[in-house]
Each structure stands twice: as C-alpha cells, then as structure tokens.
Amino acid sequence: MRYSSAFIPTLKEVPKDATTPSHVLLLRGGFVRMVGAGIYEMLPLGLRVLRKIADIVREEMDRSGSQEVLMPALLPAEYFRETGRWDLYGDVLIRMKDRKGGEYHLGPTHEEIITDMVRRDVKSYRQLPQSLYQVQMKFRDEPRPRAGLLRCREFMMKDAYSFDVSEEKAFASYGVMREAYHRIFKRLGLEYRIVEADSGAIGGKTSAEFQVLAQTGEDAIVACTKCDYAANVEVATSTAPAKKTDAVGAMEKVATPHKKTIEDVATFLSVPQSQTMKALFFRVIRKDSVSNALVFVRGDHEAHEVKVANALGAREVVMGTADEAAKHGIVTGYIGPQGRASSKDLEVYFDRSLDTGEGFVAGANEEGFHTKNVVVGRDASGTIVDVRTVGDGDACPNCMGELKSYRGIEGGHIFVLGTHYSAKMGCTFLDEEGNSKPIVMGCYGIGVSRLVATAIEQNHDADGIRWPMTIAPYQVIVVPAGKEDEIQAAALDVYTKLGALGVEALLDDRDERPGVKFKDADLLGIPLRVVVGKKGLAEGKVELKARKDKDVSMVPVGEIVDKVASLVREGGVRLIPKS
RNA sequence: CGGGGUGUGGCGCAGUGGAAGCGCGCUCGGUUCGGGACCGAGAGGUCGUGGGUUCGAUCCCCACCACCCCGACCA
C-alpha cells in the first residue's frame with residue numbers, strides 16, 4: 001500500500017475522552033473512530049488488525065476440529081425465553097420489536113441459538129461429538145462502556161461450542177480447546193496466564209480464563225512464581241493456615257474507648273493486626289430468599305465479595321448498612337462472634353485463617369470494649385469458609401511457592417457447561433442403549449475486538465504502538481528519506497520486491513519531511529522500518545530498524561528484501577509469494 | 001442506577017449580555033528537507049438541543065440529550 005493513497009487519518013493531539021493507552025493510540029493512529037459510547041467503526045488499519053486476529057483464531061479453531069458457522073445477530077425472544085435468560089439478562093439485553101410487535105433482541109452470546117441448531121438435527125450418539133464456532137458481533141447494553149475497544153456495547157467475539165455424549169467426553173473437548181487457546185495466544189504474541197475463574201452468569205462448572213497481562217487490566221489475578229497455579233482473585237485461594245495447639249487463656253474483656261478501626265485497636269492493645277478479627281455484615285441474596293450474615297476475617301485481611309457469595313451459596317452479597325446491622329442488635333465497630341450462633345436471621349461465618357486455635361482480639365459486642373483470646377471453635381461457633389482476598393506473598397495452594405499478583409485483561413474464557421442449556425432446551429440424543437440424554441456442552445469465547453486493544457495495552461511506548469509481527473497491520477514500512485530520484489526509485493524497488501515475496505509493506509511516498517514519516521511510523525507501530533536515505537544509498541546500503549529496538553543497522557540494498565522477509569517469518573508469519 | 005465533570009471550526013482549547021478567537025490540522029504561494037520546519041495569503045463555526053428572561057443570549061435560568069471519570073454492574 002502506498003501511504004499517499006491510504007486512509008490513515010492520524011492525530012497529533014490526544015483526544016480528550018481517551019484515557020487508556022490503547023484507546024489513545026487506536027484513535028491517534030487512525031485505527032478506529034468512536035461513533036457512540038462503546039460503539040466504534042474500524043478504519044482500514046484497525047480492520048486489518050482485527051482480521052489478522054480473527055484469522056489466527058479461525059486457523060486454530062479449524063485445526064482443533066471445530067467448524068465455522070454464522071448465527072444471526074438479530075434474535076427472536078423465544079430462544080432466550082426457553083432458558084429464562086430473557087428475564088435474567090435484564091437491561092444488558094438490547095431489545096426491540098418488529099412491525100408486528102414481535103419481540104427480538106440483539107445477541108449478547110449465542111448458547112441458545114447454537115443449542116437449537118444442534119437439537120434440530122442431532123438425535124444419536126453416532127452424530128456426536130460436534131464442535132462449532134462463529135465469529136460474530138455481539139451486543140450488550142453495558143452499564144458502563146469504557147476504555148475504547150476494551151469494553152464495548154458492540155464487539156466482535158469468537159464463540160465456540162462443543163457437544164458431547166458424556167461429561168468425561170466434554171472434559172476432553174474442553175482440553176482440546178484449552179490447547180487451541182494456548183496456540184492462539186502464543187501466535188498473537190501476547191503474554192498471558194491461564195487462570196481459574198468464577199463462572200459467573202453463564203452457569204458452568206469448570207472454567208478458565210485466558211488473562212493477558214497488562215497494568216490497565218480490569219481483573220486482578222494471582223499466579224504462583226514456582227508452579228503453573230494462577231487464579232482470578234475472585235476464586236483464588238492459598239494454603240490453609242496450620243492449626244496451632246498452644247493453650248490460649250480464657251477470654252478477657254478490655255476497655256477500648258473510641259477504638260473502632262482494626263488499626264486503632266491493634267495499636268491500642270499492642271497486638272499485631274493479624275491477631276485481630278473484624279466482622280463484615282452482608283445482606284445475602286439467594287435464589288429465593290434474602291438473609292443476613294456476619295462474616296469474620298482476620299484484621300489484616302480483606303474479604304472478596306465474589307468468594308463470599310460462592311461460599312455462602314448466594315447469588316449475590318451486598319455490604320449491609322449500619323442501620324440494617326443495628327436491627328440485628330449489632331454494635332458496629334465492636335462486633336464479636338462470642339455468644340453468637342448461626343440462626344435464620346443472622347448466619348455466622350469465619351474465614352479459615354481464623355480457625356487456627358489461636359486467640360484473637362474481637363469486638364465485645366458492647367460499645368467501647370473488645371475481647372482478647374477469642375478462639376474460634378472454643379468461644380465462638382460458625383461455619384468455616386475461605387473468603388479472603390489472596391495477594392502478593394501468600395503461599396500457593398499447590399506447591400507452597402509464592403504467589404504474585406498481576407492485572408489482567410480477560411481475552412478468552414472457556415467453560416464446561418454441562419447440561420445447563422441442553423436440558424432446558426430439550427437438546428438430547430439416544431445413547432447406545434437407546435436412552436435419551438441431554439447433550440453435555442462446553443462453550444469457549446475469545447474477545448476478538450477486545451484483543452486489538454489488549455495487544456496495545458501490552459505493547460506500546462511513549463511514541464506509539466509496537467504490534468506483534470503476527471497481527472501488525474503491515475509488517476514493514478519503507479520510508480524514502482529524500483526526494484532524489486535514486487532514493488525514490490530504490491525505495492519503490494524494495495517495496496515492490498517485498499510485495500512479491502508476500503510481505504505486507506507500506507510505502508511512505510508522501511511528500512513529507514522525514515521527521516513526520518518517522519513519527520507516524522512509530523505511532524502506527526509497524527514492526528520493521530526500512531529507510532532509504534542519501535548517505536546510505538551512496539554506499540549501497542539502506543537502514544533497517546525494528547520498532548521494538550533502539551538500534552539501527554545498515555543493510556546492503558541487495559540483501560534488505562531477504563533480511564526483512566526472514567525477520568517477518570521469524571515473527572511467526574507464513575509468507576506466501578505472489579506469483 | 002448513585003456521585004462528579006464536559007459539550008465553542010476536523011482535533012485540542014480560550015472567551016464575552018452587543019453575537020467568536022488561539023494552537024494544530026486543511027487549501028494556495030514561497031523557502032526548507034533525518035525525528036511532527038518556517039514565512040505569507042486563505043477556507044472553515046446552527047457556540048449540544050428545546051424553552052425562558054432580555055431591546056439583544058454562545059454567555060443568565062429551566063428542561064432534555066450526548067459524552068467522559070469514580071462507584072454499582074459486567075466479558
């Protein structure tokens with residue numbers, strides 16, 4: 001492509017609404033433009049990147065034995081009604097009516113539609129397993145779209161679905177996809193971790209997220225520095241604390257006037273914060289009931305609400321207000337477990353870090369007093385759970401190694417769904433014995449458009465983007481630095497020969513000063529840059545620079561094309577020469 | 001949905017109760033030509049929308065809309 005005729009509207013100034021690096025650079029580089037909140041149009045460069053990512057995903061899906069289909073984005077309400085998600089999805093679903101008043105919505109995900117596709121035709125175990133995928137725009141009315149392509153209301157997603165005769169086979173399919181995902185993320189050139197995660201609303205049993213490491217990530221994850229354990233903090237755990245058997249003296253009430261926070265109490269009583277416990281009052285929302293719970297965690301720990309909800313078997317837990325607590329006779333600031341027991345009104349839980357046989361300082365359930373030597377099990381009873389937020393320095397639950405925390409962007413998520421959808425939708429098959437059984441499903445998503453932004457979050461510097469070779473919009477930019485005919489001719493020659501080898505090259509033939517061209521080349525993030533200049537050319541050489549490196553090398557004109565081609569290949573791209 | 005903020009030329013911003021300006025970008029001419037050059041001449045704006053106050057509103061008042069940030073929520 002000749003730059004002079006390309007539609008690459010770059011911007012010098014940072015658009016004021018862009019905050020994250022990928023958002024800024026996608027806009028400045030002329031890759032995308034915003035049309036509305038969470039709605040973007042892809043300009044030529046952006047589309048090239050998007051397609052490259054999608055193509056890699058397709059190749060690996062195909063290789064894993066999955067077949068591509070395309071489902072509609074516009075869906076009649078009846079499918080989501082079948083599984084109850086018409087109501088469950090709430091405002092996230094973009095709903096509409098047709099001229100006859102029929103109810104429709106835009107697809108936020110396609111489990112129901114694919115299940116319908118399969119149930120129509122698959123009747124026998126002989127037709128299984130099946131694996132189908134699609135690359136499609138999805139629509140979700142996000143409460144808060146943000147950060148450019150990272151969180152959109154319209155976004156491109158690859159979703160795959162597996163159909164098996166048994167849970168065992170479904171896990172095998174899950175394993176195949178997991179391997180395919182590893183290949184995909186490696187080929188995309190992204191640093192990532194596969195982590196255990198909460199299954200959320202999709203309703204699965206086993207799931208794993210592919211988290212791309214980036215400082216701006218929305219998700220907090222921990223990974224072991226020794227083994228391959230990694231988990232989203234929503235579900236992360238650590239080694240359970242050892243029980244201690246030292247005798248602990250009897251409980252002792254002490255005056256702690258006006259000392260409400262853990263910090264104040266610990267300082268006042270001269271005990272480490274790890275020897276105190278604090279209580280969190282939650283409103284617990286279960287499938288068909290709402291109750292309250294006191295959850296005790298160590299003073300220096302934090303409870304994670306998702307872990308709390310999972311541990312209590314709740315759909316959701318919400319921090320209760322002081323007023324609500326007061327109705328249960330709770331003295332905020334001085335809450336203790338002694339003398340309490342789980343009741344219908346108020347459930348009592350302890351994080352397992354408190355179940356060590358040690359004595360802790362707890363509130364005395366009386367304004368201005370705390371109690372020392374409270375031993376869980378001896379002086380207080382409740383259910384032991386694991387709800388604390390795991391963080392840096394905690395011990396790995398697998399190998400006792402040290403856990404380290406990262407920020408991540410969820411690039412992919414794979415689930416074993418079981419029969420959640422198939423059972424509700426009557427997607428069944430006859431096994432060898434003639435028994436009708438629901439098909440066991442799995443689903444596997446990759447946020448294709450999100451990965452465009454994710455790749456930038458992980459690969460950029462002060463000057464612009466640094467695309468991984470496999471997804472760069474062009475692999476090399478050829479810059480003639482000078483107007484002399486020899487320079488122009490030499491640059492055109494290099495550009496033409498690169499094209500013949502199948503290298504995707506951009507020829508910056510614009511009538512601009514070299515500085516402008518260099519700035520744009522860096523901003524666009526083209527991995528390789530070949531500059532044809534007067535001095536070099538006099539010696540029969542051109543300049544080669546990698547976007548990610550500082551240094552420049554001079555290469556004989558006769559070798560530059562092969563040199564570039566081999567670097568592109570090394571970057572993981574298969575070159576197909578044009579005949 | 002709660003809290004905060006912003007809407008003025010393509011982008012970034014200033015500004016006034018008498019009706020609009022700067023930088024970048026754009027067009028033309030000239031000088032330049034290895035890290036976003038310089039000089040000169042131009043083009044380009046329903047001041048988010050609607051209503052109100054006023055002789056007169058981009059400015060003051062009210063309502064609405066859009067967008068951004070924090071939180072809730074979420075992939």
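Chain identifiers are assigned alphabetically (A, B, ...) following the order of the sequence lines, protein sequences preceding nucleic acid strands; residue numbering begins at 1 within each chain. The model shown is predicted, which means the values in this text are computed figures rather than measured ones.
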Base-paired stems in RNA chain B, each at least three Watson-Crick or G-U pairs under 3.5 Å: B:1-7 with B:65-71, B:10-13 with B:21-24, B:26-31 with B:37-42, B:48-52 with B:60-64

Distance-only polar pair, side chains of Asp509(A) and Tyr495(A), donor-acceptor under 3.5 Å: no

Would you list the atom pairs, donor with acceptor, under 3.5 Å between side chains in residues 526-538 of chain A and any protein atom, with sequence neighbours excluded?
unit_1: Arg529(A); atom_1: NH2; unit_2: Glu543(A); atom_2: OE2; d: 3.3
unit_1: Lys534(A); atom_1: NZ; unit_2: Glu484(A); atom_2: OE2; d: 3.4

For Tyr181(A), all residues meeting ring pair (Phe, Tyr, Trp, His ring centres under 6.0 Å), sequence neighbours excluded: Phe210(A)

G42(B) to U49(B) separation - P atoms, rounded to the nearest Å: 30 Å

Within residues 174-189 of chain A: residues closer than 4.0 Å to RNA chain B (heavy atoms): none

Short N/O separations, protein against nucleotides 40-49 of chain B, under 3.5 angstrom:
none

Donor-acceptor pair present, Arg529(A) side chain and G35(B) base, under 3.5 Å: yes

With Lys278(A) via salt bridge (charged side-chain N to carboxylate O under 4.0 Å, His left out) - residues at least two apart: Glu302(A)

Sugar-phosphate, base or nothing in reach of Asp91(A), heavy atoms under 4.0 Å: nothing

Listed pairs, N/O of protein and of nucleotides 21-28 of chain B, under 3.5 Å:
unit_1: G23(B); atom_1: N2; unit_2: Glu13(A); atom_2: OE2; d: 2.5
unit_1: C24(B); atom_1: O3'; unit_2: Lys12(A); atom_2: NZ; d: 3.4
unit_1: G25(B); atom_1: OP1; unit_2: Lys12(A); atom_2: NZ; d: 3.2

Among G36(B), U32(B), A72(B), the nucleotide that comes nearest once only the side chain of Lys483(A) is considered: U32(B)

Asp159(A)-Tyr161(A) side chain donor-acceptor pair, cut-off 3.5 Å: yes

Residues from residues 461-472 of chain A lying under 4.0 Å of RNA chain B - heavy atoms: none

Within residues 23-49 of chain A or reaching into it, pairs that qualify as ring pair (Phe, Tyr, Trp, His ring centres under 6.0 Å) - sequence neighbours excluded: His23(A)-Tyr40(A), Phe31(A)-Trp467(A)

Side-chain touch Leu149(A)/Leu26(A), heavy atoms, less than 4.5 angstrom: yes

With Lys548(A) via salt bridge (charged side-chain N to carboxylate O under 4.0 Å, His left out) - residues at least two apart: none

Tyr192(A) vs Gln211(A) side-chain heavy atoms within contact, under 4.5 Å: no

Sugar-phosphate, base or nothing in reach of Lys535(A), heavy atoms under 4.0 Å: nothing

Quick one: which protein N/O atoms are closer than 3.5 Å to N/O atoms of nucleotides 64-68 of chain B? Pair and distance per line, please.
unit_1: C67(B); atom_1: OP1; unit_2: Ala37(A); atom_2: N; d: 3.0
unit_1: C67(B); atom_1: O2'; unit_2: Asp17(A); atom_2: OD2; d: 2.8

Closest-nucleotide ordering on RNA chain B, the 5'-leading residue of Glu142(A) and Thr10(A): Thr10(A)

Residues which pass ring pair (Phe, Tyr, Trp, His ring centres under 6.0 Å) with His301(A), listed by chain and number, not counting sequence neighbours: none

Touch class at under 4.0 angstrom, heavy-atom based, for Arg33(A) against every strand present: nothing

